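By convention here, the first residue in the shown sequence is residue 1. Since this is a predicted model, take the numbers as computed values, not measurements.
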Amino acid sequence: MKFTAQQISEYLQGEIVGNPDATVQTFAKIEEGVEGALSFLANPKYENYLYETASSIVLVNRDFTPSRPVAATMVRVDNAYEAVARLLTLYEQSTAKRKGIHPLACIAETAHVAEDCYVGPFAYVGEHAEVGSGTQIYAHAVVEERAKVGRDCLIYPGVSIYHDCVVGNRVILHSGCVIGADGFGFAPSATGYEKIPQIGVVTIEDDVEVGANTCVDRSTMGSTYVRRGVKLDNLVQVAHNCDVGSHTVMSAQVGVAGSTKVGQWCMFGGQVGIAGHIVIGDRTYCGAQSGVAGGLQKGHVTVQGSPAIEHKNFARSSILFKKLPEIYAELNKLREEVDALQEKIAAK
């Protein structure tokens, strides 16, 4: 499908600078632009590509002022990054969804799968499981017995949803992610470790996206919760009995230990580690590789480092850390001078 700059501007409530009849039928990064493509400029680091790109239309922030002539038609919007996300969503929704049950899929007789679903080859839907309308389950995905999957979900190849777990509406589960594996619960004994049965479930609420090879463990009792709108990157671990607040995002390799409660709208950078049995307040931001060993109940704070401290304090401490060898040498020199002075005083 082709769209004109005029149509795009009207949809985004933007302002055209250039040819309103310029058309696009695809998307491209601004540095890889081609004729007929739409690109965007949100990061000033990429501004130089604006003057060279072959893209026909470029979305820019409303307050952006080019320093040189621009050949492409620009559409000024309040937030170029957000605007291109809206257009990509519209583009994706316009593509036809798969429907039907593949003859090589295995669906238990007692399972309920809505008529307009898609179930791919070698996918499995277990006894008494439920799958809502519009959901697509791709090849080799598994929905175990009594699990419930809501409407308009995307279950990509190789996903495992264990028994009794609940997945809400419009949830995206990427390849290899595991929902409902046993929590890491073992009791030390004289002969080793006694496994503690994990009889709880996982509840994934609406509009959640879980990245590839990410694991959300089932609770010992009750439920592990991933609340509405949460976005988990690839290779994230959410342990048993955790409760991840709505609209929180976690980058790759974040690990949240058991029974921790994470607030709403939190942001965790890559490789952040969160200790167990603590509370993280709303809008807590943890920089990459932060190690949070204690609770941050009040929230509304940015931390960094391991153990994590307030980010401005961390920045000042990092400067000192780089100078520690010089500081240590100077301290030893001062000690020698003090010792020499004390010896002179004692000699008198």
Side-chain angles (χ1 to χ4, degrees), residues 1 3 11 26-27 82-180 201-216 218 223-234 236 238 244 246-249:
M1 295 179 66
F3 296 93
Y11 179 72
T26 188
F27 293 83
E82 180 181 305
V84 78
R86 289 177 59 192
L87 291 176
L88 286 168
T89 300
L90 184 67
Y91 176 80
E92 184 181 50
Q93 290 173 346
S94 67
T95 59
K97 288 185 176 181
R98 299 183 185 184
K99 292 183 181 180
I101 308 299
H102 194 279
L104 294 178
C106 180
I107 299 177
E109 290 185 3
T110 57
H112 175 73
V113 178
E115 291 185 3
D116 59 348
C117 288
Y118 168 73
V119 183
F122 305 107
Y124 171 70
V125 182
E127 300 286 348
H128 302 286
E130 299 179 15
V131 180
S133 64
T135 287
Q136 299 182 67
I137 301 175
Y138 286 83
H140 295 279
V142 173
V143 181
E144 287 286 358
E145 61 267 20
R146 299 179 302 280
K148 296 180 180 179
V149 179
R151 303 186 308 276
D152 299 314
C153 295
L154 280 174
I155 312 298
Y156 280 106
V159 168
S160 295
I161 303 172
Y162 280 37
H163 61 88
D164 299 294
C165 291
V166 178
V167 175
N169 303 316
R170 300 175 301 279
V171 171
I172 300 173
L173 303 179
H174 287 279
S175 294
C177 82
V178 178
I179 307 300
V201 299
V202 170
T203 302
I204 307 287
E205 294 187 348
D206 297 348
D207 303 304
V208 169
E209 183 161 351
V210 179
N213 297 320
T214 283
C215 297
V216 182
R218 72 193 312 112
S223 182
T224 300
Y225 289 98
V226 178
R227 302 292 184 178
R228 184 184 183 96
V230 166
K231 312 298 180 187
L232 305 179
D233 197 359
N234 305 332
V236 169
V238 177
V244 180
S246 62
H247 305 292
T248 284
V249 294

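For the salt bridge (charged side-chain N to carboxylate O under 4.0 Å, His left out) condition, no pair includes a residue of residues 125-138, sequence neighbours left out. Note on residues 111-123: pairs passing side-chain hydrogen bond (donor to acceptor under 3.5 Å, both in side chains), not counting sequence neighbours, are Arg98-Tyr118.
Residue Val236 comes nearest to Asp233 through the heavy atom pair CG2-O, 3.4 Å, listed as atom of the first residue, atom of the second, then distance. Minimum interatomic distance between Gly120 and Ala105 (heavy atoms only, all atoms of both residues): O-CB, 3.3 Å. The two residues Ala108 and Gly126 have their closest heavy-atom pair at CB-C, 3.5 Å. Here the closest non-hydrogen pair linking Arg228 and Asp207 is NH2-OD2, 3.3 Å.
Looking only at side-chain heavy atoms (C-beta outward), Val202 and Val238 stay at 4.5 Å or farther from each other. Side-chain contact between Val216 and Thr224 is present, with at least one heavy-atom pair separated by less than 4.5 Å.
Every residue meeting the ring-ring contact (aromatic ring centres under 6.0 Å, His included) condition with His140, not counting sequence neighbours, appears here in chain and number order: Phe122. The ring-ring contact (aromatic ring centres under 6.0 Å, His included) search around Tyr91 returns Phe27, not counting sequence neighbours. For Val113, the side-chain contact (heavy atoms from CB on, under 4.5 Å) partners are Ile101, Ile107, Cys117, Val119, Val125, Val131, not counting sequence neighbours.
A donor-acceptor pair under 3.5 Å links the side-chain atoms of Asp206 to the main chain of Asn169, judged by distance alone. Glu205 contributes no side-chain N or O that, together with a main-chain N or O of Arg227, makes up a donor-acceptor pair within less than 3.5 Å.
Residue His102 holds its NE2 atom at 14.5 Å from CD1 of Ile137, rounded to the nearest 0.5 Å. In this structure, Thr135 OG1 and Arg170 CZ are separated by 10.5 Å, a value rounded to the nearest 0.5 Å. In this structure, the separation between OG on Ser223 and CD1 on Ile204 is 8.5 Å, given to the nearest 0.5 Å. Rounded to the nearest 0.5 Å, atoms CG (Leu173) and OG (Ser175) are 10.0 Å apart.
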With a 3.5 Å cut-off and sequence neighbours excluded, list the donor-acceptor pairs that the side chains of residues 141-159 form with protein atoms.
unit_1, atom_1, unit_2, atom_2, d
Arg146, NE, Asp164, OD1, 2.7
Arg146, NH2, Asp164, OD2, 3.0

